[in-house]
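Side-chain atoms are counted along with the backbone in the values below, which use heavy atoms only and exclude waters and symmetry mates.
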2 protein chains.
Amino acid sequence: MAQLKLQPEEMVQTEIYAKFFHGLSNPTRLRIVEILLDGEKNVSQLVEATGATQSQVSNQLACLKWCGYVTSRQEGKYVLYRISDERVRTLLQLAKAIVADNAEHIRCCTRM
Amino acid sequence: MAQLKLQPEEMVQTEIYAKFFHGLSNPTRLRIVEILLDGEKNVSQLVEATGATQSQVSNQLACLKWCGYVTSRQEGKYVLYRISDERVRTLLQLAKAIVADNAEHIRCCTRM
DNA sequence: ATGATATATTAAGGTATCATGATACAAGAA
DNA sequence: TTCTTGTATCATGATACCTTAATATATCAT
């Protein structure tokens, strides 16, 4: 039996944090976050900037929103997304700094 | 067609960072990292502390090692693991701080 | 109202990841 | 050597995740 998804009530702290990190574990989602760190964007702009499909972007934005990385507001027919917490910028910078000395290692990882 | 794993050469920066975050996206792996932040441990101690199987712990340690989170050294018949970069502690603290105001949101996330 | 554009949601299929169990490897003791 | 303990690897099966395509919803213009 593989990993069984827990019900919200039985999810403990560690699982919540793991889920939070999972938010940044997908290249498309991470790219979206990076782009939004440059400023508020609507979905079409994100589609353009990422090269992903509209459906993909919308779905990943939903994930990011659930995880608390982004918030959105409607403006006319557009929906504008932005980073909800400036500390996300620091988080990414820190991760990049840590990765810096290990990039080649991670690149070659075949275990996940 | 779902996600196709890229060859190391064609993996770009964003994918490397995503992979790095993926390292912390599994509860068992994250727990191991948290435990190791308390000090060097051997595999058996980690099995004991996490409640996971030996196989599971070894496998996840391999992932964490590839990602550069931990390093290991042999000492007699034991293999001791430790956090390879103290900044990982900061990374976790920062993540927890960001999550703090969004825990309930993340807990209920059904999109991933 | 209808049509056009922007975004969200859903279902289906394929791939990646994970847990399990078995097995292999390594080091020390007898 | 064999036995024991500690650790790593591998194959299998099950679940989770991602992508795609279709469809639904929303807003604005006509």
Could you tell me the separation between the CZ atom of B:Arg73 and the P atom of D:dA8, rounded to a whole number of Å? 14 Å

Considering heavy-atom distances to DNA chain D, does A:Gly76 or A:Gln56 have its closest nucleotide positioned more toward the 5' end? A:Gln56

With respect to the phosphate group of D:dT9, does any side-chain polar atom (N or O) of B:Asn59 fall under 4.0 Å of OP1 or OP2? no

Using whole Å, report how far CZ of A:Phe21 lies from P of C:dT17. 18 Å

Closest to the 5' end of DNA chain D, once A:Glu75 and A:Thr53 are matched to their nearest nucleotides, is A:Thr53

Go through the N and O atoms of the side chain of A:Gln54 and the base of C:dA6, and report whether any donor-acceptor pair is under 3.5 Å. no

Quick check: any donor-acceptor pair below 3.5 Å linking the side-chain of B:Ser44 to the base of D:dG6? no

What's the closest nucleotide to the side chain of B:Val79 if the choices are C:dA19, C:dA8, D:dT7? D:dT7

In terms of side-chain heavy atoms of A:Gln74, which of D:dT7, C:dT9, D:dA26 is nearest? D:dA26

Take the protein atom CD1 of A:Ile32 and the nucleotide atom C1' of C:dA8, then report the distance between them rounded to whole Å. 14 Å

What is the distance, to the nearest angstrom, from the NZ atom on A:Lys41 to the C1' atom on C:dA6? 18 Å

For B:Leu61 and D:dA8, what is the distance between atoms CG and C1' respectively, to the nearest whole Å? 10 Å

Out of B:Lys96, B:Arg29, B:Arg89, which one pairs with B:Glu34 under the salt bridge (charged side-chain N to carboxylate O under 4.0 Å, His left out) rule? B:Lys96

Nearest-Å distance, CH2 (A:Trp66) to C1' (D:dC17)? 17 Å

Report yes or no: is there a donor-acceptor pair, N or O only, under 3.5 Å between the side chain of B:Ser55 and the base of C:dA19? no

Let me know the distance between CG of B:Asn26 and P of D:dA16, rounded to the nearest Å. 13 Å

What I'd like to find out is whether the side chain of B:Ile32 reaches to under 4.5 Å of the side chain of B:Thr28, using heavy atoms alone. yes

For B:Phe21 and A:Phe21, take the angle between the two ring planes, folded into 0 to 90°, and tell me which bin it lands in: parallel under 30, tilted 30 to 60, perpendicular over 60. parallel

Testing the 3.5 Å rule here: is there a donor-acceptor pair between the side chains of A:Thr71 and A:Lys65? no

For the side chain of A:His22, starting at C-beta, report the closest nucleotide among D:dT7, C:dT7, D:dC18. D:dC18

Using only side-chain N and O atoms of B:Gln60, determine if any of them is under 4.0 Å from OP1 or OP2 of C:dA19. yes

How close or far is atom P of D:dA8 from atom CG of B:Leu64, stated in whole angstroms? 12 Å

Do the non-hydrogen side-chain atoms of A:Val79 and A:Arg73 ever get within less than 4.5 Å of each other? no

State whether A:Tyr81 places a side-chain N or O below 4.0 Å from either non-bridging phosphate oxygen (OP1 or OP2) of C:dA8. yes

Proximity to the side chain of A:Lys77 - top-ranked nucleotide from C:dT9, D:dT27, D:dT7: D:dT27

